[in-house]
Amino acid sequence: MDRQFVAPEAPEAREMPEAPSLGAARLWRGHRGRRLRLPDGLPARLGYDAVGMPTDIGRRVMKCLPRIGCVFADDQRWWWIVPSGSNIDVAWPLFTSYAVGARMTDLSGEYSGRSRVPRLIHHPQDDSPYTPPIPLYFMTCHIAGIRPHWSPGDASGPSRAI
């Protein structure tokens, strides 16, 4: 499989709103786009998706997380590999992009004129390609100054186990 070209960041993705609207993260479901290719030898038994964020936030998140999986980057965004379904009942912040199956639209860098081909910038130390999605989500929200939202119907947080 090839490395990917990535859809350009929408203007609203640069803004960091005070609170994300539920379901506001852009979600790519297109099957025509190419898929980020994991390095050989890293099994993705849970399937994989990718969470994209602006480069400056990606750098700050990288410094804070204790465990990091595969991270790809192009000239504008960092893409974190997470297990499939890491978007279920989670409202990722507006400035993030969530790529189901790590499939991304091929726009060949036409907007920036620079490279839009994500390259691997972090290889995990263990045999898992995943960054744990919950710590990634909390750290992304914390850095952006946004209150986490857990489920589309409930902004108060996760339900308690009974």
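Quick note: residue numbers are just sequence positions, from 1.
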S.K.: Please set out all donor-acceptor pairs under 3.5 angstrom arising from side-chain atoms of residues 61-72, sequence neighbours excluded.
M.R.:
| from | atom 1 | to | atom 2 | distance (Å) |
| --- | --- | --- | --- | --- |
| Arg67 | NE | Asp126 | OD2 | 3.3 |
| Arg67 | NH1 | Tyr130 | O | 3.3 |
| Arg67 | NH2 | Asp126 | OD2 | 3.4 |
| Arg67 | NH2 | Ser128 | OG | 3.2 |

S.K.: Test of understanding: with side chain to side chain contact (heavy atoms under 4.5 Å, CB included), list the residues that count as partners of His123, not counting sequence neighbours.
M.R.: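 If we apply the side chain to side chain contact (heavy atoms under 4.5 Å, CB included) test to His123, skipping adjacent residues, the hits are Pro39, Leu42, Leu120.
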S.K.: Going through the distances and angles, do Leu136 and Trp92 end up as a side-chain contact (heavy atoms from CB on, under 4.5 Å)?
M.R.: CA-CA 10 Å; Leu136 176 63; Trp92 287 91; 4.0 Å; yes
S.K.: Any salt bridge (charged side-chain N to carboxylate O under 4.0 Å, His left out) pairs touching residues 90-99, not counting sequence neighbours?
M.R.: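 Not a single pair qualifies under salt bridge (charged side-chain N to carboxylate O under 4.0 Å, His left out).
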S.K.: Compare every heavy atom of Pro83 with every heavy atom of Thr131, then report the nearest pair and how far apart it is.
M.R.: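 Scanning both residues completely, I find the closest heavy atoms to be O-CD, 4.1 Å.
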S.K.: Could you give me the CA-CA distance, side-chain angles and deciding distance for Trp79 and Met53, then say whether side-chain contact (heavy atoms from CB on, under 4.5 Å) is met?
M.R.: CA-CA 7 Å; Trp79 295 92; Met53 62 187 67; over 6 Å; no
S.K.: Under a 3.5 Å distance rule, please check whether Thr55 uses its side chain to pair with a backbone N or O of Gln76 as donor and acceptor.
M.R.: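 Yes: the side chain of Thr55 pairs with the backbone of Gln76.
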S.K.: Going by the rule side chain to side chain donor-acceptor pair (under 3.5 Å), which residues pair with Asp127 if we only count those two or more places apart in sequence or in a different chain?
M.R.: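 Checked Asp127 against side chain to side chain donor-acceptor pair (under 3.5 Å); zero matches.
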S.K.: With the side chain counted from C-beta on, respond yes when Phe138 and Pro148 share a heavy-atom pair under 4.5 Å apart, and no when they do not.
M.R.: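 In contact.
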S.K.: Give the intermediate values and the outcome of side-chain contact (heavy atoms from CB on, under 4.5 Å) for residues Ile81 and Leu38.
M.R.: CA-CA 9 Å; Ile81 299 299; Leu38 297 180; 3.8 Å; yes
S.K.: Taking the side chain as every heavy atom from C-beta outward, state whether Ile121 and Trp78 have any atom pair closer than 4.5 Å.
M.R.: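 Side chain of Ile121 against side chain of Trp78, heavy atoms only: contact under 4.5 Å found.
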S.K.: Can you check whether Ser84 reaches Asp49 side chain to side chain, under 4.5 Å on heavy atoms?
M.R.: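 Yes, side chains in contact.
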S.K.: Run the numbers on Ile146 and Phe95 for side-chain contact (heavy atoms from CB on, under 4.5 Å), then give the verdict.
M.R.: CA-CA 11 Å; Ile146 295 172; Phe95 59 86; 3.8 Å; yes
S.K.: Using only heavy-atom distances, determine whether the side chains of Ser97 and Arg77 contain a donor-acceptor pair under 3.5 Å.
M.R.: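 A pair is found: one side chain offers a donor N or O, the other an acceptor, under 3.5 Å apart.
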S.K.: Does a side-chain heavy-atom distance below 4.5 Å link Val51 with Ser86?
M.R.: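 Answer no - side chains too far apart.
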S.K.: Got Thr140 and Trp80 here, is their nearest side-chain heavy-atom distance under 4.5 Å?
M.R.: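 No. Closest side-chain heavy atoms not under 4.5 Å.
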S.K.: Listing request: all salt bridge (charged side-chain N to carboxylate O under 4.0 Å, His left out) pairs with a residue in residues 128-143, at least two apart in sequence or in separate chains.
M.R.: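 Applying salt bridge (charged side-chain N to carboxylate O under 4.0 Å, His left out) to every pair that reaches into residues 128-143, excluding sequence neighbours, yields nothing.
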